[in-house]
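So the structure is just underneath, and the comments pick up after that.
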Amino acid sequence: MKIDAARDLILSAVTAIPAGAIASYGVVGERAGLQRSARMVARVLSQLPAGSAVPWFRVVRSGGRIAFASGSRSFQRQRKLLEAEGCVVSDEGRVRAARADNSLDALLWGPMMGSGE
DNA sequence: ATACTGACCCCCG
DNA sequence: ACGGGGGCCAGTA
């Protein structure tokens, strides 16, 4: 598969994440139909143009942590966007999705969905 | 071709 | 909660 096609699938998967929900890089990759593509997802998002409509901020690391260093510019940007959707973000970057427990159909998470509540 | 890097992931102390 | 190690795939030099 060509990279452009993969990028398209990835962006579609990210766009499919409902507001108030979050998904890990790995899950986004799998949902896009790609294997072991977490790094590629990260790369695609990092190359995303500033004004894009893609909800990149709903993508977090496995474990529900914001990928950026706590306190960094990007971290604060992402945190604000998530909180605007009802998510709760700790200073360390742990994200609690606004609608995580119900409506699993659309919600994706990482390998460890059960680690907190 | 090799070598290093990155908004990653997983396993084991 | 910390560390360390390996694997992964694309991009870049």
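As the structure is a prediction and not an experimental result, all values here were calculated from the model. In what follows, chains carry the letters A, B, and so on, assigned in the order in which the sequence lines appear, proteins first and then strands, with residues in each chain numbered from 1.
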Are the side chain of [X] and the backbone of [Y] linked by a donor-acceptor contact shorter than 3.5 Å?
X      : Y      : value
T15(A) : L11(A) : yes
S12(A) : D8(A)  : yes
S24(A) : V60(A) : no

Once you round it to whole Å, what is the distance between [atom2] of [N] and [atom1] of [X]?
X      : N       : atom1 : atom2 : answer
I3(A)  : dT12(C) : CD1   : C1'   : 14 Å
L9(A)  : dC9(C)  : CG    : P     : 17 Å
L82(A) : dA7(B)  : CG    : C1'   : 13 Å
R79(A) : dA7(B)  : CZ    : P     : 21 Å
E30(A) : dC9(C)  : CD    : P     : 13 Å
R58(A) : dA7(B)  : CZ    : C1'   : 17 Å
M1(A)  : dC9(C)  : CE    : C1'   : 14 Å
Q76(A) : dA7(B)  : CD    : P     : 18 Å

Say you pick atom C1' in dC2(C) and the same atom in dA7(B); how far apart are they, in whole Å? 22 Å
Let me check something: do I3(A) and V14(A) share a hydrophobic cluster, defined by ILVMFWY side-chain heavy atoms less than 4.5 Å apart, either directly or through other members? no
Among R96(A), R79(A), K80(A), R58(A), salt bridge (Lys or Arg N to Asp or Glu O under 4.0 Å) partner for E85(A): R58(A)
Which nucleotide wins on minimum distance to the side chain of Y25(A), given the candidates dA7(B), dG11(C), dA1(C)? dA7(B)
Closest listed nucleotide, where the reference is the side chain of S24(A) and the choices are dA10(C), dC9(B), dA7(B): dC9(B)
Presence of R94(A) side-chain N/O under 4.0 Å of dA1(C) phosphate oxygens OP1/OP2: yes
Does any non-hydrogen side-chain atom of V89(A) lie less than 4.5 Å from one of I66(A)? yes
Which residues in residues 35-49 of chain A have at least one heavy atom lying under 4.0 Å from any atom of DNA chain C? R36(A), R39(A), R43(A)
Please report the closest heavy-atom contact between F57(A) and L82(A), naming both atoms and the distance. O-CD2, 3.3 Å
